[in-house]
**Q** 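Take this structure first; my questions come after.
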Amino acid sequence: MQEKAIIVREACHKDLFRVVEINRICLPENYPYYFFQHLLERYPGCFLVAEVDGEIVGYIMNRIEKGMSSFNPSPFRLVKKGHVVSIAVMPEHRRKGIGRMLLEWGIRSMREEYGAEEVILEVRVSNEPALSLYKKMGFIVVKTIKGYYHDGEDAYLMSKKLVG
Ligand code: ACO
Ligand code: ZN
């Protein structure tokens, strides 16, 4: 059987209802529609969707922040950090490399279009698939954030250096 082509592209407004739907199906961390809309308007180059056969099956949503480096923290030197706010791929389309494509493209855009020097994210300590994807992509655990999630689960703060 012919493999179906996977397309990754920047999201647009008409994609947002589907993105919100995928977020609700795949993750317990959900946000109101205007939150997605705000991030799309503010950081369009790193809000991406993946399509298979013309249907959106995954997304990554990022933002850019200024703060202390995870690698060389100093209150006197703030760096631009890309923050992976949310990434998800529909269950029936997992393990096809889509998550990795979204993350690779998203990171490249945060670095090249927005000047991010590192990328950070939080992930549930029990989320093995995501943790293993992030480790494979070169993220390291910087610290554990106790009780980060609404159900009390801890998060790992993970980070990946992009420059220097
Ligand atoms: N078990 C072990 N390793 C895995 C798994 C798994 N279930 N899934 C992915 N990986 C690792 C593997 O190393 C894999 O490479 P391989 O398939 O060659 O072995 C590598 O990650 C790349 O996998 P992809 O196929 O690119 O990942 P996928 O498209 O399946 O998406 C994702 C991964 C996004 C984590 C998906 O499982 C998902 O949507 N999960 C539910 C939502 C979620 O947890 N999102 C992350 C929350 S944290 C945050 O958003 C910042
Ligand atoms: Zn976050």
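Read the numbers this way: they start at 1 and go in the same order the structure lists the ligands and their atoms.
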**Q** Distance-only, no hydrogens or angles: does the E153 side chain make a donor-acceptor pair with backbone N or O of S126 under 3.5 Å?
**A**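 Yes; judged by distance alone, with no hydrogens or angles, the pair exists.
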**Q** Which is closest to atom 11 (C) of ligand 1 in terms of heavy atoms, G97, G58, S132, A88?
**A**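 It is S132 that holds the nearest heavy atom.
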**Q** Could you pull out, from C26, P129, A155, P91, the option with a heavy atom nearest to atom 7 (N) of ligand 1?
**A**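 It is P129 that holds the nearest heavy atom.
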**Q** Please write down residue, atom name and distance for the protein heavy atom closest to atom 41 (C) of ligand 1.
**A**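 Its nearest protein heavy-atom neighbour is R94 NH2, 3.5 Å.
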**Q** Got the closest protein heavy atom to atom 44 (O) of ligand 1, with its distance?
**A**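 The closest heavy atom on the protein side is N127 ND2, 2.7 Å.
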**Q** Measure from the Zn ion (ligand 2) to every N/O/S atom of E122 and report the name of the nearest one.
**A**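 It is OE1 of E122.
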**Q** For A130, counting its heavy atoms only, list the atoms of ligand 1 lying under 4.0 Å from any of them.
**A**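 Reading through ligand 1 atom by atom, the close ones are 35 (C), 46 (C).
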**Q** Side chain or backbone of Y134 under 4.0 Å from ligand 1, or both, or neither, by non-hydrogen atoms?
**A**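 Near ligand 1, Y134 shows its side chain, while the N, CA, C and O stay back.
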**Q** Which of these passes side chain to side chain contact (heavy atoms under 4.5 Å, CB included) with Y31: V85, V20, L39?
**A**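 The option that passes is V85.
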**Q** So which bit of E122 gets within less than 4.0 Å of ligand 1, heavy atoms only: side chain, backbone, both or neither?
**A**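 Near ligand 1, E122 shows its backbone, while the atoms from C-beta on stay back.
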**Q** Do you know the tightest heavy-atom contact between L131 and M158?
**A**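 Reported closest heavy-atom pair: CD2-SD, 3.8 Å.
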**Q** For atom 26 (O) of ligand 1, grab the closest protein heavy atom and report residue, atom and distance to one decimal in Å.
**A**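 Residue, atom and distance for the closest contact: R100 N, 2.8 Å.
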**Q** In terms of atom number and element, which parts of ligand 1 are under 4.0 angstrom from non-hydrogen atoms of K96?
**A**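 Counting atoms of ligand 1 from 1, those under 4.0 Å from K96 are 25 (O).
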**Q** If you take the centroid of each ring, where Trp contributes its six-membered ring, are Y156 and Y134 closer together than 6.0 Å?
**A**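 Ring centroids of Y134 and Y156 are no less than 6.0 Å from each other.
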**Q** Closer than 4.0 angstrom, basic N to acidic O: yes or no for R18 and E55?
**A**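 A salt bridge links R18 with E55.
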**Q** Would one find an N or O of E128, backbone or side chain, under 3.5 Å from an N or O of ligand 1?
**A**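 No.
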**Q** Just jot down the ligand 1 atoms closer than 4.0 angstrom to any heavy atom of I98, in number order.
**A**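 This gives 26 (O), 29 (O) as the contact atoms.
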**Q** Would you kindly specify which portion of M101 sits under 4.0 Å from ligand 1, judged on non-hydrogen atoms: side chain, backbone, both or neither?
**A**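 Near ligand 1, M101 shows nothing, with every heavy atom at 4.0 Å or more.
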**Q** List the steps and the verdict of salt bridge (charged side-chain N to carboxylate O under 4.0 Å, His left out) for R94 and E92.
**A** CA-CA 6 Å; R94 290 183 191 159; E92 60 274 27; over 6 Å; no
**Q** Is a salt bridge present between E21 and R24, judged by a nitrogen-to-oxygen distance below 4.0 Å?
**A**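 Answer for the salt bridge query: no.
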**Q** Which protein non-hydrogen atom lies closest to atom 29 (O) of ligand 1, naming both residue and atom, and how far is it?
**A**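 In this structure, atom 29 (O) of ligand 1 has G99 N, 2.7 Å as its nearest protein heavy atom.
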**Q** Taking distance alone, with N or O pairs closer than 3.5 Å, would you say V89 contacts ligand 1?
**A**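 Yes.
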**Q** Less than 4.0 Å between a side-chain N and a carboxylate O, is that true for K143 and D154?
**A**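 Looking at K143 together with D154, the answer is no, because their closest N to O distance does not fall below 4.0 Å.
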**Q** Name the closest protein heavy atom to atom 22 (C) of ligand 1, giving the residue it belongs to and the distance to 0.1 Å.
**A**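 Residue, atom and distance for the closest contact: L133 CD1, 3.6 Å.
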**Q** Heavy-atom pairs closer than 4.0 Å: do any link ligand 1 to the side chain of L102, the backbone, both, or neither?
**A**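 Contact part for L102 vs ligand 1: neither.
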**Q** Side chain, backbone, both or neither: which part of K136 comes within less than 4.0 Å of ligand 1 when only heavy atoms are counted?
**A**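 The answer is the side chain of K136.
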**Q** Quick one: does V84 get an N or O within less than 3.5 Å of an N or O on ligand 1?
**A**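 N/O-N/O distance under 3.5 Å: no.
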**Q** Inspect the contact between E104 and R108 and indicate whether a charged nitrogen and a carboxylate oxygen are less than 4.0 angstrom apart.
**A**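 A salt bridge is absent here (no side-chain N lies under 4.0 Å from a carboxylate O).
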**Q** In terms of residue, atom name and distance, what is the protein heavy atom nearest to atom 17 (O) of ligand 1?
**A**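 Protein heavy atom with the smallest distance to atom 17 (O) of ligand 1: R95 NE, 3.0 Å.
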**Q** Taking heavy atoms and a distance under 4.0 Å, where does I87 meet ligand 1: side chain, backbone, both or neither?
**A**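 Under 4.0 Å from ligand 1, I87 contributes backbone and side-chain atoms.
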**Q** Report the residue from R77, K81, K160 that forms a salt bridge (Lys or Arg N to Asp or Glu O under 4.0 Å) with E117.
**A**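 Of R77, K81, K160, salt bridge (Lys or Arg N to Asp or Glu O under 4.0 Å) with E117 is met by R77 alone.
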**Q** Side chains of S86 and E29 only: does a donor on one sit below 3.5 Å from an acceptor on the other?
**A**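 Note: S86 and E29 side chains miss the donor-acceptor criterion.
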**Q** Checking the side chain of K161 only, and the main-chain atoms of F71 only, is there a donor and an acceptor separated by less than 3.5 Å?
**A**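 No; zero donor-acceptor contacts below 3.5 Å.
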**Q** Could you list which atoms of ligand 1 come closer than 4.0 Å to a heavy atom of S86?
**A**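 Listed by number with element: 50 (O).
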**Q** Should I64 and H83 count as side-chain neighbours, where that means a heavy-atom distance under 4.5 Å?
**A**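 The answer is no; the side chains never approach within 4.5 Å.
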**Q** Look at atom 32 (C) of ligand 1 and say whether a protein heavy atom is found at less than 4.0 angstrom from it.
**A**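 So far as the 4.0 Å threshold goes, atom 32 (C) of ligand 1 is out of reach of every protein heavy atom.
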**Q** Taking distance alone, with no angle check, do H93 and ligand 1 share an N/O pair under 3.5 Å?
**A**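 Among all N and O atoms of H93, none is under 3.5 Å from an N or O of ligand 1.
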**Q** Give the residue and atom name of whichever protein heavy atom lies nearest to atom 43 (C) of ligand 1, and the separation in Å to one decimal.
**A**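 I find the closest protein heavy atom is L27 CD2, 3.5 Å.
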**Q** Looking at every heavy atom in both A155 and V125, which two are closest together, and how far apart are they?
**A**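 So the two residues come closest at C-CG1, 4.0 Å.
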**Q** Any side-chain donor paired with an acceptor under 3.5 Å for Y59 and N23?
**A**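 Yes - a donor-acceptor pair under 3.5 Å links their side chains.
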